[in-house]
Engineer: 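Dumping the structure here so I can ask a few things about it.
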Amino acid sequence: MKTAESPIGIFDSGIGGLTVANAVLNTLPRESFIYFGDTAHLPYGDKSPDTIKRFSLAITDFLLQNKVKLIIIACNSASAAAFEAVQEHADKFGIRVVNVIDPVVEYISSSRHNKVGIIGTRATIGSQIFPAKIAAANPLIEVATLATPLLAPMIESGFVKGDISKAIVEAYLNDPVLDNIDAIILACTHYPLIKKEIAQYYKDNNKKVEILATNEIVAQYVKNLLRDENLISNSEEVEHHFYVSDFTESFADTTKLFYKKEVHLQFAPIFSGEN
Ligand code: DGL
């Protein structure tokens, strides 16, 4: 039986979702959570929807076994490919699932933006889920999408500042498809880590573009949802557990970048031959 003190389950292909976990923690400091990073299968952004769905369902099982009160799919690629399947499965246990797409679509659709750029992995952009949902919610907003597949691996490798990342960020943002946008959605949970660099690009080019990092929007959405369901924790005893499907020292190091503090990663062998 879920209670306000039950943990929130959060997952991503790797450690990008820690930007969401961090934002949730800033907004809801008394929540416990269980984080799962599917580091054995990273990146999701280049996988097929069926494969992403299979991995996401296995992780959902793991989180449900750990008695979470809510699941956050802290990955745009998995949100695009697997949200319905994950929600259908979690429904059997009476558990709500939050993806990182709907809260952002809701936010942008009620804004006054004219043309919105969206950058993300091939899986997210290829799904066309953002243009479809925004068009349904507010057809007056023009949407321009661009797959930026080098960004997540670049960030995973620790290249968030310096000439290499600057050149890659510039090359993508210079793409004419993004001309005349007045907002840009960072539709990958890795990208909040280069928000500053993206802001600098627009500053240097004298362009006024609002940069929307999905982690903060999602954290606010989760707070409202938990409040509506009377599930906000007031507990003094907060526990945060971090699991990965493959463990390397370099991941342990990079985790600090995402979570902004030291994290003890545990190995969870939830994937077997058949899943
Ligand atoms: N964090 C994932 C997302 O939000 C991207 C990383 C990956 O390709 O696995 O889409």
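Note that this is a predicted model, so its numbers are computed, not measured. Basis for what follows: all heavy atoms, side chains included, without hydrogens, waters or symmetry-related copies. Order of listing sets the numbers, starting from 1, for every ligand and every atom in it.
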Engineer: Who gets closest to atom 3 (C) of ligand 1 by heavy atom: Asn215, Ile125, Asn76?
Structural biologist: Asn76
Engineer: Is it true that Cys75 lies under 4.0 Å from ligand 1, counting heavy atoms only?
Structural biologist: yes
Engineer: Rounded at 0.5 Å granularity, tell me how far OH in Tyr44 sits from SG in Cys188.
Structural biologist: 13.0 Å
Engineer: Do other residues, nucleotides or ligands put more than 12 heavy atoms under 6.0 Å from the OH atom of Tyr202?
Structural biologist: yes
Engineer: Who's the nearest protein heavy-atom neighbour of atom 10 (O) of ligand 1, and how far?
Structural biologist: Ser77 OG, 2.7 Å
Engineer: Is there a chain of hydrophobic side chains (I, L, V, M, F, W, Y, each step under 4.5 Å between heavy atoms) that links Ile8 to Val238?
Structural biologist: no
Engineer: Heavy-atom distances under 4.0 Å decide this one: backbone, side chain, both or neither, for Ser13 against ligand 1?
Structural biologist: side chain
Engineer: Mark up the atoms of ligand 1 that fall under 4.0 Å of a heavy atom belonging to Asp12, in ascending order.
Structural biologist: 1 (N), 2 (C)
Engineer: Please list, in number order, the atoms of ligand 1 under 4.0 Å from a heavy atom of Thr121.
Structural biologist: 5 (C), 8 (O), 10 (O)
Engineer: Can you establish whether the number of heavy atoms outside Ile164 located under 6.0 Å from its atom CD1 is more than 12?
Structural biologist: no
Engineer: Short list, please: which atoms of ligand 1 are under 4.0 Å from a heavy atom of Tyr44?
Structural biologist: 7 (C), 8 (O), 9 (O)
Engineer: May I have the step-by-step check of side chain to side chain contact (heavy atoms under 4.5 Å, CB included) for Ile198 and Val169, ending in yes or no?
Structural biologist: CA-CA 7 Å; Ile198 292 174; Val169 167; 4.1 Å; yes
Engineer: With atoms numbered from 1 as shown, which atoms in ligand 1 lie under 4.0 angstrom from a non-hydrogen atom of Gly45?
Structural biologist: 7 (C), 8 (O), 9 (O)
Engineer: When the ring planes of Phe242 and Phe33 are compared, do they come out parallel, tilted or perpendicular, using 30° and 60° as the limits?
Structural biologist: perpendicular
Engineer: Pull out every atom of ligand 1 sitting under 4.0 Å from any heavy atom of Pro43, numbered as shown with elements.
Structural biologist: 7 (C), 8 (O), 9 (O)
Engineer: Starting from atom 6 (C) of ligand 1, what is the nearest protein heavy atom, named by residue and atom, and what distance separates them?
Structural biologist: His190 CE1, 3.4 Å
Engineer: Where is the nearest protein heavy atom to atom 5 (C) of ligand 1: which residue, which atom, and how far?
Structural biologist: Cys188 SG, 3.3 Å
Engineer: Do Thr19 and Thr189 get their side chains close enough for a donor-acceptor pair, meaning under 3.5 Å?
Structural biologist: no
Engineer: Between Phe267 and Tyr243, is the ring centre distance below 6.0 Å?
Structural biologist: no
